[in-house]
K.L.:
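The structure is given below, and queries will be raised subsequently.
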Amino acid sequence: MAHRARLARALDGTRRRAAFERGDARASGSVVRRWRTGATARDDAWGGRGVSAEALEPVHVRGLNDAQRAAVLAPVGATRVLAGPGSGKTHVLIGRVAHLIHEEKTPPREILCITFTNKAAKELRERLRDKIGEVAAKEITAGTFHSVAARMLRRHGERIPGIGRTGEFTIYDADDSKQIVQSVLVNKFGESKKTAQPGPMRNWISTAKSCVKHSVGLRGSQMLRALEDAKKPIPPMSQQRFVELYDEYEDGLRQANAFDFDDLLSATVAMLEMCPDVRAYYERRWSQVLVDEFQDTSTTQYELIRKLSQPQGSVFVVGDADQAIYGWRGAEVANIRTQFDQDFKEVQTHMLTTNYRSTSTIVEAAQAVIKESSFPSPLDLVAHTPGGRDVAIVEANDDREEAEFIALEARKLVQDSDLRYSDVAVLYRTNSQARVLEEAFIRAGVPHTVVGDTSFYSRKEIKDMIAYLRIVSNSSDTVSLNRIINTPTRGIGNSTIEKLNAWLKTLPKKDGLSPSIGDALLRGAWKTNPGEQSELLPSADEMGLTARARTAVLNFVELMRACQQTAMNATPGELLEDVIKRTGYETMVLDADDGVDRWAFVQELINLAKEPPRDVDETIQDRVGLEALGAFLEGVSLLTSAETDDVTGGDKAKLMTMHASKGLEFDTVFIAGVEDGLIPFIRNGDSDDDQDEEVRLFYVGITRAKRKLMLCHARERRRFGQSPQAARRSFLLDSISATLTGTKKPERPVTLHGGVSARARNGTGMLEKGKADWSARVTVDLPPPTRKREGTTRDRIVKSRDLIKKVTGADAVVPLPLRKAQAASESSSGSSARAKPKRAARHVKKSPDE
DNA sequence: CATGTCGTCCTTTTT
DNA sequence: GGACGACATG
Ligand SMILES: Nc1ncnc2c1ncn2[C@@H]1O[C@H](COP(=O)(O)OP(=O)(O)OP(=O)(O)O)[C@@H](O)[C@H]1O
């Protein structure tokens, strides 16, 4: 398999090289000249080396060009590789690891490789297998910043002075954090539930945490200052609130034995700083550190790398400032531009400028876009492959027709060529665009998956199940406990919960904090004299409850205790089944409106939780018990959007945001919604920096395409079920057509009829070689827009249910629509992704630890 | 205490 | 058009 892939690649390379040497470009003269000039200057590797010389080369530099080779072979120390899109940084990273192992004799287990997604880590490991062998590939540590940090914290985090967390800590995502913020605003500051705005506050907290080296021990006022220093100030009227909130928020997390996402990094940095023995351990543990996508590292992440690379300062970072697209969540382009140079000794910089991925036409289009940013990097990208008419700009009447066009075009493309569906990607700016697109793909019967669709894990029933597991693993987890203490309903209503909270405040404090509700109920934190008090709960009087309420609470406590017992030697999946059995959750779900479908999602989770952790790396992970449970939960928490890719495999077109497309490549790429205000995205408070980032994002999107690129826009677009709004094509398209029409055919609008009527229902085929036009207008006949019906979906279903009851006299089960699942099963294609609940992504592979 | 219905908010990108 | 809170009813 791997052999065949390599062979194919080699053949492909040969073909391209031959084409290059013959100069038989399909492109017109100026493009070829440009391409040849660049290529001859930079690609001596191909021309200068004979086959025999190549064959003698060590495996880790075979097939690399001079610049790539130089980077791979760079002396151990601080190395920075500035790599344009498609310039082969993945190859370089892999080559570097192999080089370190083979030539520098670095033990594999001393190598730490930070990737942007856990999926990328897994792929890296797989590709390394060929070069350094199965065992060595397993011994390398590879994962995201967050995964690696979480692993470090689980092992050694307890040692951080005053951290107040145990190794069983829960990882809070943005939603969980928002719950904490909300409860502080409402319960501590007396804001009304309606007016409280936990969202912005949580964002500021997150931004603040990622712009300091670490936040452990810092107070709200210091975080406020950090935001100002980082030139990311928050509105004056919110500052006071922020300062108060921050400290309470931190207390809330500590009380719940939880870290938020930013804490994972922050606490790890603090750990290395404050615990010399831990630092010494990790300095020895990893002697070589490699970081992919370095342009998107935050201050905290940078600091983590700095500390881990001590004492040798052996770091290999790869990135491209032009592809920096995560400034909004604290990434600092300066890290790759200037900071690295300043902080590390004798930095060697290598530049990779030959783009092997895309045709010259696509590269030109990309360059036309990036030159619109204020600080394009000095990299002058040169395409290795000559291009033809590979880029098209297509205007549709509205977003539905745009989607229909893309779906039909994709289908025709695959039918008429040897491309597979998985060679096609549709990129967009916002997740909300996915819906129309997916509907069109379903109608057209085109198999597809929406990458980065986290809806499975945001389903109520899935969150509930996860909450139960989290409490078993970490009973202090307040957010989870509040979520399920009365789900399914068990007689613990709001007033009881309020009374319980009041009771908590009367209990003895620990480290200045009252016990969390879980500590009190499940870990006996109310006991003044644990040895002599064997009851599960104090008397109703002491708790301030009625006898009846106390009984309800006691039942819950006994339930959770029993689950904790089960957990000791059950897989997470078996534990879930036990939870369901004891809680009656199945009945609850099945009784609900769309019960059958929802129950299927729960089943899916159980299956996921039963799977043994794959790629057990060097850590032998028990399949049962609390450690396995913790591993499962951590995997779920640290899922990246890339991992939500459909793991059932199969040949499917990919729909995703441009953000999610980073680092990927596809033969044919559609970008949907290239309109002013959407790409680049504009919101009212945007700075020039924000706009620059939008330009770079489009650049990233464009450079995903290998052979064909279609930039689509609509004349009007519907936003949130509002009435359609007029849309204009993005000015970035003007830059592209200005560049491309210089050497190509002038713009000439063409109206194409796709159509969904029985005969005409097909794509235009305009992507086939030579037919792509620079600019075209399409009209697609659509099925009548979903019939105007009375009332909301829910109303209609309720009505139909009543009707059935009247006629048949029986209760009818008419499931409420599960948007995606049902849409898929309704489509007759059967080839589409989700006739049954979407197969959720597997949990993350564990990276090796000690 | 549980459940159903109505109104109001938000909607960029994600580890 | 969906998620969640407020409010009314059993
Ligand atoms: N020396 C080479 N010769 C031929 N093809 C190459 C060479 N180096 C890389 N490639 C090909 O170029 C394509 C892009 O490589 P890769 O995915 O590593 O790009 P990248 O630098 O990570 O790009 P990006 O920054 O856009 O993610 C791949 O298909 C790869 O096989």
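Every chain is numbered from 1 and lettered A, B, ... according to where its sequence line falls, protein lines coming before strand lines.
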K.L.:
Would A:W328 count as stacking on B:dT13 if stacking means ring centres less than 5.5 angstrom apart and planes tilted under 30 degrees?
P.N.:
yes
K.L.:
May I have the distance from A:I497 (atom CD1) to B:dA2 (atom P), rounded to whole angstrom?
P.N.:
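After rounding, the reported distance stands at 9 Å.
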K.L.:
Nearest whole Å is fine: how far is C:dA3 P from A:K463 NZ?
P.N.:
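Roughly 10 Å, once rounded to whole Å.
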K.L.:
Please determine if A:E402 and A:R717 form a salt bridge, counting it only when a charged side-chain N lies under 4.0 Å from a carboxylate O.
P.N.:
yes
K.L.:
Is the shortest side-chain N to carboxylate O distance from A:R728 to A:E716 below 4.0 Å?
P.N.:
no
K.L.:
Assuming nearest nucleotide by heavy-atom distance, tell me which of A:L697 and A:N486 is located more 5' along DNA chain B.
P.N.:
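Per heavy-atom nearest nucleotide, the more 5' residue is A:N486.
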K.L.:
Choosing from B:dT14, C:dG1, B:dA2, which nucleotide comes nearest the side chain of A:Y326?
P.N.:
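Closest nucleotide to the A:Y326 side chain: B:dT14.
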K.L.:
By the 4.0 Å heavy-atom rule, please label A:R548 as base, sugar-phosphate, or nothing.
P.N.:
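No contact.
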K.L.:
Nearest to the side chain of A:H659, which nucleotide is it out of B:dA2, B:dT14, B:dT15?
P.N.:
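Nearest listed nucleotide: B:dT14.
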K.L.:
Please determine whether a side-chain nitrogen or oxygen atom of A:T496 lies at a distance below 4.0 Å from atom OP1 or OP2 of B:dC1.
P.N.:
yes
K.L.:
Take atom CZ of A:R151 and atom P of B:dT15, then tell me their distance rounded to the nearest Å.
P.N.:
18 Å
K.L.:
When you measure from the side chain of A:H146, which nucleotide among B:dT14, B:dA2, B:dT15 comes out closest?
P.N.:
B:dT15
K.L.:
Return the value, rounded to whole Å, for the distance between atom CZ of A:R459 and atom C1' of C:dG2.
P.N.:
13 Å
K.L.:
Assess whether a salt bridge exists between A:K662 and A:D296, defined as any Lys/Arg side-chain N lying under 4.0 Å from an Asp/Glu carboxylate O.
P.N.:
yes
K.L.:
Are A:R470 and A:E634 close enough for a salt bridge, meaning some N to O gap below 4.0 Å?
P.N.:
no
K.L.:
So A:D262, base contact, sugar-phosphate only, or nothing? Heavy-atom distance under 4.0 Å.
P.N.:
nothing
K.L.:
Can you measure A:I492 atom CD1 to B:dC1 atom P for me and round it to whole angstrom units?
P.N.:
9 Å
K.L.:
Hey, does the side chain of A:S495 come within less than 4.0 Å of B:dC1's phosphate (OP1/OP2), counting only N and O?
P.N.:
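Looking at the OP1 and OP2 atoms of B:dC1, one of them is under 4.0 Å from a side-chain N or O of A:S495.
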K.L.:
Can you measure A:I325 atom CD1 to B:dT15 atom P for me and round it to whole angstrom units?
P.N.:
11 Å
K.L.:
In this structure, how many angstroms lie between the C1' atom of B:dA2 and the CG atom of A:N494, rounded?
P.N.:
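Result: 11 Å.
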K.L.:
Which residue lies toward the 5' end of DNA chain B, A:R490 or A:T657, if each is placed at its nearest nucleotide?
P.N.:
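By nearest-heavy-atom nucleotide position, the 5'-most residue is A:R490.
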K.L.:
Taking A:D260 first and then A:R202, would you say they form a salt bridge - that is, a charged N and a carboxylate O separated by under 4.0 Å?
P.N.:
no
K.L.:
Hey, does the side chain of A:T430 come within less than 4.0 Å of B:dT11's phosphate (OP1/OP2), counting only N and O?
P.N.:
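A:T430 to B:dT11 OP1/OP2: no side-chain N or O under 4.0 Å.
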K.L.:
Using whole Å, report how far CG of A:N431 lies from P of C:dG2.
P.N.:
16 Å
